[in-house]
Amino acid sequence: MATFLSKLGRLAFRRRGVTLLLWLLIFGGMGFAASSAPTPPADTFSMPGTESQKAFDLLTEKFPDASADGASARVVVRAPEGQKITAPEQRAEVDRLVAELGTPSPQVVGAADPYKTPEISISEDGTTAYTVVTYKVPAMEVSDEAHDALDAAIAKADKAGLTVEAGGDAVKIDQAMGGTGEQIGILVSAIVLVLTFGSMIAAGMPLITALIGVGIGISGITALGSTLGLSGTTSTLAMMIGLAVGIDYALFIVSRFRAERAEGRSPEEAAGRAVGTAGSAVVFAGLTVIVALAGLAVVNIPMLTKMGLAAAGTVAVSVLVAITLVPALLGLAPVKVMARKGRLQYAVKPLSERKQRKAAKRAARLAKNDKPNLGSRWASYILRHPVTVLLIGVVGLGTVAVPAASLELGLPGEGSMSTKTTQRKAYDMLSESFGPGFNGPLMVTVQAEDAKKAADAAGKVFDRNPGVASVSPATANKAGDTAIINVIPETGPTEKQTEELVRDLRATAGGLESSTASTILVTGQTAMFIDFSQTLNDALLPYLGLVVGLAFLLLMVVFRSVLVPLKAALGFLLSVAAALGAVVAVFQWGWLADVLGIEQTGPIMSTMPIFMIGVVFGLAMDYEVFLVSRMRESYVHGARPAEAVVDGFRHGGRVVAAAAVIMMSVFSGFIVEDNDFIKMIGFALAIAVFFDAFIVRMAIVPALFALLGESAWWLPKWLDRILPRVDVEGEKLAQHEQSAPRSGRERTIVG
């Protein structure tokens, strides 16, 4: 592996112009393909095998008109304090509002008149009413003109003295990011890279190559969107993880290139060595990330599967960019910029005897004064106090992970939005006037020969349930073989009692099916959220097992050890548990909520654990592979275990720390945004990277190496014979270089 990648790196370095041109052509070609591709399809959500999905499929078949995928907006109107919405003057204003909202247009079908169905659309106290505006197109396709028309009608009614708010998928959600957080993250990243490399050109290289890789990946997703059914949001995870690993991979190779130059190798030799060693680590780190992302398929939710595979493809592009485009750009950069100042360099032309003596004296003086860097000093400290460091790290993370035992999962809805949004205001108005369960009605489908009779019988049974507020009369389709009843819970859609009610109704339905000779399914948005959370819960352990298991095998091949990949996997699980504990404490329990500006605490978003595992696992394995591969390289080349740990931190500690700080700064930028769920994503990823990089990889892992000594690299002989040899540490590469014929150049030492 190392020898092949070294040859590839040297080829890219020599043919840097051609390599750069090829990547630019690919970048431009993918951009053109994306711009000329048909519009990506709208988001479709399905959960094969769940009761909710079976019911939705049945509705699509039996009630094609009622199950159309057009968007809707529920506009809630409240009369001024002390007045009734049924008063003549208020009714006139509501009629004008409904007429304006329901004006037919290319997208609007109409708006329901609340006064025609007062028992449903007007509250018992007569102060509040609502109308539903239906659209011909899905929510993703509602135009700006339609949004503006809705906003204008609401604003006009507000001026007339009514309190008007709107919810539903047709209402525009303000998804604009403030931008301040992103700017801070990019600024911090640039500062860290400049401090790491001491050069603007060297610092900019990881950013440029990462953006090129992500650009190609996202363009490819867009170009194939209509063919493979990839919606616009499929690229969200691809952009996040692709940018993260793209910067890391380029950072690792550029750093190794500069280290090789400092040891006196020519630029081409340094590029070959960097790609052969650090590039090997990049390839296997990339494979572990791809495994984690492709493993999302085990959840059996098509949307997550597509997101995972799209992100995995973007990571694969980032790996190719790192091992080909990065060495090409290294060849184009000025030699003085890419070499470390005050270090040993390579001279192409022979020096005079006087200059050689002068250079030798300077080199000896530099070597004498060259003190251990912070990474090696930190590693030496851990080697002296391994038990203390290990106990502090494990106990500390274990303590932070305790709240994770109280983790409650849910999906975001209008009830969890900011209280400043119109959706949340409409949600609260409906809860106050019609009851908490009005925002989360349950829909029950009944299939039978006489569906309406069977549905009415089921409705009477359901109505006796303590958690049910009301049950609507049954509505049958034209064929009479399927009917629908709506059940309004007494509690809100995200409350635990509603989840228990859904389970009770489904259990009751099982007994009714035999007595009424029918098939009864419970669905609705609330039931769908419950099924979605349950699906993710059921898939979490298999997903973890698949990801960690395959990564264990990959790392065992890379490091020729059983204990090293075991430590990596256990350390990752510890950091993820601690990160989940911190998320629960902040976003579910409300600790530091005021400091972070969190307006609404509650259940953790159901997709958070899965996404966090995928993203953090990828970054964790990056740090593990790069840091430990330097230890393995030193060990294979004759260093003792303790010396190998120090050497790994001397060369890799600074780079891993820089990569982690960059990722933390980027993710932390999301914390300053207004949306609580965006805050949650940013906080979770930032804290997880901190725990894994600085506590697990840079404290617990070296402490374990110190305690295990030689046994850390133990591998049974039978397993050693079976496992393929990939030579990530570059042992065969060094032998190949020693046996290769020398060129006309000679190695000299210059200051």
Side-chain angles (χ1 to χ4, degrees), residues 1-7 273 276-292 295 379 382-383 386-387 390 394 544-574 617 620-652 696-697 700-739:
M1 173 68 77
T3 304
F4 169 76
L5 290 178
S6 176
K7 292 179 180 179
R273 289 280 300 182
T277 52
S280 296
V282 164
V283 169
F284 278 91
L287 283 176
T288 60
V289 180
I290 291 171
V291 166
I382 294 176
L383 291 173
V387 176
L390 182 62
V394 172
L544 266 176
L546 174 68
V547 168
V548 174
L550 291 179
F552 181 89
L553 294 176
L554 281 173
L555 293 178
M556 191 162 56
V557 171
V558 171
F559 296 126
R560 317 288 309 170
S561 166
V562 173
L563 296 180
V564 169
L566 180 61
K567 290 191 283 100
L570 294 177
F572 161 73
L573 294 176
L574 184 60
F617 183 82
M621 292 304 103
D622 285 351
Y623 306 146
E624 174 77 15
V625 170
F626 189 76
L627 192 60
V628 179
S629 64
R630 291 305 299 255
M631 300 179 191
R632 171 72 180 173
E633 184 177 344
S634 297
Y635 178 76
V636 168
H637 292 160
R640 291 177 298 178
E643 294 173 342
V645 172
V646 174
D647 196 52
F649 271 83
R650 177 184 294 113
H651 295 291
V696 173
R697 307 302 154 192
I700 293 177
V701 166
L704 287 171
F705 270 112
L707 294 174
L708 292 173
E710 292 278 355
S711 59
W713 305 107
W714 171 77
L715 185 70
K717 292 183 179 180
W718 64 269
L719 190 57
D720 184 55
R721 291 191 297 268
I722 296 174
L723 292 178
R725 294 186 177 273
V726 294
D727 189 30
V728 173
E729 63 276 355
E731 182 181 10
K732 294 182 180 179
L733 177 60
Q735 297 173 357
H736 175 76
E737 289 178 347
Q738 291 175 1
S739 62

Criterion side-chain contact (heavy atoms from CB on, under 4.5 Å) on Leu546 and Leu550, from CA distance to verdict: CA-CA 6 Å; Leu546 174 68; Leu550 291 179; 3.6 Å; yes
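- Gly648 and Leu627 make their closest contact through O-CD1, 3.8 Å (heavy atoms, listed as atom of the first residue, atom of the second, distance).
- Separation of atoms CE (Met556) and CG (Asp720) is listed at 11.0 Å; rounding is to 0.5 Å.
- Taking 4.5 Å as the limit, some side-chain heavy atom of Leu573 sits within range of a side-chain heavy atom of Leu544.
- By the 4.5 Å heavy-atom criterion applied to side chains, Tyr635 and Asp647 are not counted as neighbours.
- Around atom CZ of Phe4, no more than 12 heavy atoms belonging to other residues, nucleotides or ligands sit under 6.0 Å away.
- Taking every heavy atom of both residues into account, Leu383 and Ala642 meet most closely at CD1-O, 3.6 Å.
- To the nearest 0.5 Å, atoms CG (Leu704) and CG (Leu566) are separated by 9.5 Å.
- Arg560 is listed as a side-chain neighbour of Arg632, based on a closest heavy-atom distance under 4.5 Å.
- Of the inter-residue distances, the one linking Ile290 atom CD1 with Phe284 atom CZ reads 12.0 Å to the nearest 0.5 angstrom.
- The shortest heavy-atom contact between Ala644 and Ala639 is N-CB, 4.2 Å.
- Here the straight-line distance linking atom NZ of Lys567 with atom CD of Glu624 works out to 6.5 Å at 0.5 Å rounding.
- Heavy-atom minimum distance, Leu555 versus Ala568: CD1-CB, 3.8 Å.
- Counting heavy atoms from C-beta outward, Phe705 and Ile382 have side chains that stay 4.5 Å or more apart.
- Under the 4.5 Å side-chain criterion, counting only non-hydrogen atoms from C-beta, Phe626 is not in contact with Val282.
- With a 4.5 Å cut-off on side-chain heavy atoms, Val562 and Pro716 count as touching.
- Using cut-offs of 30° and 60° on the angle between ring planes, the pair Phe617 and Phe572 is perpendicular.
- Considering all non-hydrogen atoms of both residues, Leu563 and Ser711 come closest at CD1-O, 3.4 Å.
- A distance of 4.5 Å separates CE in Met631 from CZ in Phe649, rounded to the nearest 0.5 Å.
- Atoms NZ and CG, from Lys7 and Leu5 in turn, are 11.5 Å apart once rounded to the nearest 0.5 Å.
- Leu574 and Ile700 get closest at one heavy-atom pair: CD2-CD1, 4.0 Å.
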